[in-house]
Number of protein chains: 2
Amino acid sequence: MGRPPTNTKLRLLETAHELIWRNSYGAVSVDGICEKANVKKGSFYHYFPSKADLAMASIDWWMTNTIPFLDDIFSPSRHPIDRFTLLIDFIYEKQEDMRIEFGQVCGCPFITIGSELAAQDEIIGAKISAITQQKMTYYQNALRDMIAMGLIDEKTNVELKAEEIYAFITGNMMLARIKNDLKFMKTSLKPSLMNLIGVNLSAEDLKKLTI
Amino acid sequence: MGRPPTNTKLRLLETAHELIWRNSYGAVSVDGICEKANVKKGSFYHYFPSKADLAMASIDWWMTNTIPFLDDIFSPSRHPIDRFTLLIDFIYEKQEDMRIEFGQVCGCPFITIGSELAAQDEIIGAKISAITQQKMTYYQNALRDMIAMGLIDEKTNVELKAEEIYAFITGNMMLARIKNDLKFMKTSLKPSLMNLIGVNLSAEDLKKLTI
DNA sequence: TCGGTATTTGACTAATCAGTCAAATATAGA
DNA sequence: TCTATATTTGACTGATTAGTCAAATACCGA
């Protein structure tokens, strides 16, 4: 029935996500997105009613892409400590890839755009908050397994601890973006995170946690 | 000699700082700053060569304003644990004030603008990185006193620990901005920070750390 | 081959953007 | 009162912004 669908919408989502992540929402124009995606402006507004709508959709699209990776990393079949160390590996590798390709450590796309726009647009604030909550759920699940295995204090408040972990990791990613430097993330984030979680590792084991 | 100086430049610095902090660099226009500061555009460009220059100057201005508070909070005459709890009080009170006045938790102005612009403007990235380093120096100083007093492990790497503390606090401020919610900062940040620092407090003492 | 439908195009608008500049103004010191 | 100097003004530009729209196009299924 009619003209067949194309990948135009997807190209717009991908391009918007990359440009906004590497720069910022305010620094990226609809014209810029269209040019890079090789899409005419008329087509843009055929698929998205506004620039803000595209940004929202690209956030959703990226989170949907991310979930399978999180499901793998936080698979209950893994040792819970490995889940967190794998998470740091996953984050570090992506950041390093972007640093090599674009010359810029880009940090967390959700937090970057959330920090920029949450104060002006409460819908985007709510969306990023929901993503934050969703990620913390993975952490809570792993923390409960750690308690069950006697790896951390059984009186640990997993909701609070998950929020600490999230703040700590995103704080590091933010600083890495600002300093355009992955040194701390590469050499210290894993052992620091283990200390924050409260898991007891030998000095030897801690040393192994540098990427 | 000639027409006497006015507070026009200061009004521009204050206004730019407030508007950028509450919104974002990209969302604030030179016209908007001028209108709020009651300054004509010609005067703006008499004092600042560009919008970016004003933003840089407003960052410097705010940091200069902040230093006396940090000097007080991190006075060597204070108990080092008190320095950190006072720091959290200081941060929380400012955030709560802005939440009441503007309806919005605004987070850290340096990190917010740094996250937005560091990838596009390496000068601003370097400036925020320097401010970050300057703040961590206060933390390092306090950590060394804690070691001397036997409050934390003497083998603590104070440079790394200071970076952890900074990432943790700024991560929390960023999340507070995105969620427009100070709950965690009010009830949990102090004890969480004490745990991260590695200071041993009794359960009773920990409970006292809610603001 | 043709009709219906989704997609694409390019020219368009109106608003806003950062930035310019020559002229007007105010005042301290001579 | 005069002059040097710093400040202020308001109209101006040219570029860029997000967003609009009617017409053209492509193709599936009948």
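Labels below follow one simple rule: chain letters A, B, ... track the order of the sequence lines, proteins then strands, and each chain is numbered from 1. The figures here come from the full heavy-atom set of this structure, side chains too, leaving out hydrogens, waters and symmetry mates.
For Y45(A), the listed nucleotide lying nearest its side chain is dT20(D); candidates were dT20(D), dT9(D), dA18(C). Listed nucleotides dC17(C), dT27(C), dT7(D) differ in distance to S29(B); the shortest reach to its side chain belongs to dC17(C). Of the listed nucleotides (dT17(D), dA18(C), dT7(D)), dT7(D) has the atom at the smallest distance from the side chain of P5(B). Minimum atom distance to the side chain of S50(B) is reached by dG19(C), of the listed dG19(C), dA18(D), dT8(D). With distances taken from any side-chain atom of T6(A) to the nucleotides dT8(C), dT7(D), dG19(C), the minimum falls on dT8(C).
The interatomic distance linking D31(B) (CG) with dC17(C) (P) rounds to 6 Å, in whole Å. Distance F44(B) CZ to dT9(D) P: 15 Å, rounded to the nearest Å. The distance from atom NZ of K51(A) to atom C1' of dT17(D) is 9 Å, rounded to the nearest whole Å. Residue F48(B) contributes atom CZ, which lies 14 Å from atom C1' of dT7(D) at whole-angstrom precision. Between the CG atom of L10(A) and the C1' atom of dT7(C) there is a distance of 16 Å, rounded to whole Å. Spacing between atom CD of E35(A) and atom P of dG10(C) amounts to 14 Å, rounded to whole angstrom units. Per the geometry, CD1 belonging to I33(B) stands 14 Å off C1' belonging to dG19(C), to the nearest Å. Rounded to whole angstrom, the span from the NZ atom of K40(A) across to the C1' atom of dA23(D) amounts to 16 Å.
Put simply, T8(A) has no side-chain N or O that comes within less than 4.0 Å of OP1 or OP2 on dT7(C). For Y47(B) and dA6(D), the shortest distance from a side-chain N or O to OP1 or OP2 is not below 4.0 Å. In this model, the phosphate group of dT8(C) is not approached by any side-chain N or O of H46(A) to a distance below 4.0 Å at OP1 or OP2.
If you check distances only, the side chain of K41(A) does reach the base of dG19(D) with a donor-acceptor pair under 3.5 Å.
Closest of all the heavy-atom pairs between V28(A) and K51(A) is O-NZ, 2.8 Å.
S188(B) and E163(A) share no donor-acceptor pair across their side chains, judged by distance under 3.5 Å alone. Between the side chains of E164(B) and S192(A), at least one donor-acceptor pair of N or O atoms lies under 3.5 Å.
Around atom CD1 of I123(A), no more than 12 heavy atoms belonging to other residues, nucleotides or ligands sit under 6.0 Å away.
Map G32(A) and G42(A) each onto its nearest nucleotide of DNA chain D; the residue landing nearer the 5' end is G32(A).
Seen from the ring of F48(A), K9(A) counts as a face-on cation partner, given the 6.0 Å and 45° thresholds.
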